[in-house]
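Indexing begins at 1, ligand by ligand and atom by atom, following the structure's order. Just so you know, these numbers come straight off a predicted model, no measurement behind them. All values below were derived from every heavy atom in this structure, side-chain atoms included, with hydrogens, water molecules and symmetry-related copies excluded.
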Amino acid sequence: MPTVYILNGPNLNLLGQRQPEIYGSTTLADVEQSCTTLGKELGLEVRFFQSNHEGVIVDTIHEARHKADAIVINPAALTHTSVAILDALNTFDAPVIEVHISNIHKRESFRHHSYVSLRAEGVIAGLGINGYLLALRHLAPLLRGV
Ligand code: DQA
């Protein structure tokens, strides 16, 4: 079964409590559960990660090079700052989908630029946590060849 790594950056562990007017009231554990359930339906193995530390995310991308068939990543604030995450993703030879819960283009100008978008095949922003599920729906036929 194809494996998809879903990576989440800083502060997303507080999803549901953190600025719910922007990010909603669903927790990250709920998102993980929804992704795992949908993954099963779509024939994908989903592995879900969150870290507040840039280096841990880089290490997980390195691990994905050998263990994953695609990456879905919400780098959170590191989207706008991290050349290291971009460089790590550039070592990964399979699809990368960037997800943002909020519409970063409707927010402060410092959120409009994404280093990760230079690598991502596609970007989903502003569709709430549905963005993660839409990314899986996009990847399933590509990875399963159906
Ligand atoms: C975010 C948007 C980022 O600008 C912000 O720093 C986040 C979350 C989103 O999912 O909307 O932490 O990536």
Side-chain angles (χ1 to χ4, degrees), residues 2-42 44-65 67-143:
T3 300
V4 180
Y5 270 33
I6 303 185
L7 311 184
N8 291 281
N11 302 304
L12 287 169
N13 54 312
L14 295 181
L15 199 64
Q17 301 167 47
R18 167 198 188 207
Q19 295 181 282
E21 67 288 0
I22 296 177
Y23 298 113
S25 53
T26 308
T27 67
L28 198 64
D30 294 332
V31 178
E32 177 170 8
Q33 183 59 59
S34 302
C35 289
T36 306
T37 303
L38 180 65
K40 281 202 183 102
E41 271 173 40
L42 297 173
L44 300 175
E45 164 145 13
V46 169
R47 302 229 28 227
F48 203 87
F49 304 86
Q50 189 276 332
S51 177
N52 292 325
H53 305 281
E54 184 175 22
V56 174
I57 295 170
V58 168
D59 287 343
T60 309
I61 294 167
H62 292 177
E63 180 186 302
R65 296 176 74 234
K67 297 196 176 161
D69 301 290
I71 290 176
V72 174
I73 183 164
N74 182 349
L78 295 170
T79 307
H80 318 298
T81 60
S82 181
V83 176
I85 289 178
L86 171 64
D87 285 351
L89 289 170
N90 277 330
T91 74
F92 180 75
D93 262 345
V96 174
I97 309 294
E98 178 181 351
V99 170
H100 299 284
I101 296 164
S102 65
N103 181 355
I104 53 176
H105 300 289
K106 213 177 167 187
R107 299 183 63 194
E108 303 95 323
S109 57
F110 65 83
R111 295 186 203 274
H112 297 177
H113 177 262
S114 165
Y115 285 101
V116 170
S117 293
L118 292 167
R119 166 64 185 85
E121 267 72 30
V123 182
I124 302 171
L127 302 185
I129 58 133
N130 217 3
Y132 292 88
L133 304 175
L134 292 168
L136 290 175
R137 287 192 188 281
H138 170 77
L139 289 168
L142 282 181
L143 300 182

Please report whether ligand 1 has a polar contact with [X], defined as an N or O pair separated by less than 3.5 Å (distance criterion only).
{"X": "R111", "value": "yes"}
{"X": "S102", "value": "yes"}
{"X": "A77", "value": "yes"}

So, [X] and [Y]: side-chain donor and acceptor under 3.5 Å apart, yes or no?
{"X": "R65", "Y": "T91", "answer": "yes"}
{"X": "T36", "Y": "E32", "answer": "no"}
{"X": "Y132", "Y": "N8", "answer": "yes"}
{"X": "E98", "Y": "T79", "answer": "no"}

I need the contact type for [X] against ligand 1. Using non-hydrogen atoms and a strict under-4.0 Å cut-off, is it side chain, backbone, both or neither?
{"X": "I101", "answer": "both"}
{"X": "I22", "answer": "neither"}
{"X": "H100", "answer": "both"}
{"X": "R18", "answer": "side chain"}

Exercise. Relative to the heavy atoms of H80, which atoms of ligand 1 are at a distance of less than 4.0 Å?
Worked result: 3 (C), 4 (O)
For this session: Have a look at Y5 and tell me which of E45, E63, K67 forms a side-chain hydrogen bond (donor to acceptor under 3.5 Å, both in side chains) with it.
Result: E63
Exercise. Could you give the distance from CG (L78) to CG (L7), rounded to the nearest 0.5 Å?
Worked result: 11.5 Å
Seminar exercise, completed: One should read off an interatomic distance between H53 NE2 and T60 OG1, to the nearest 0.5 angstrom, of 11.5 Å
Problem set entry | I104 to ligand 1, any heavy atom closer than 4.0 Å | yes
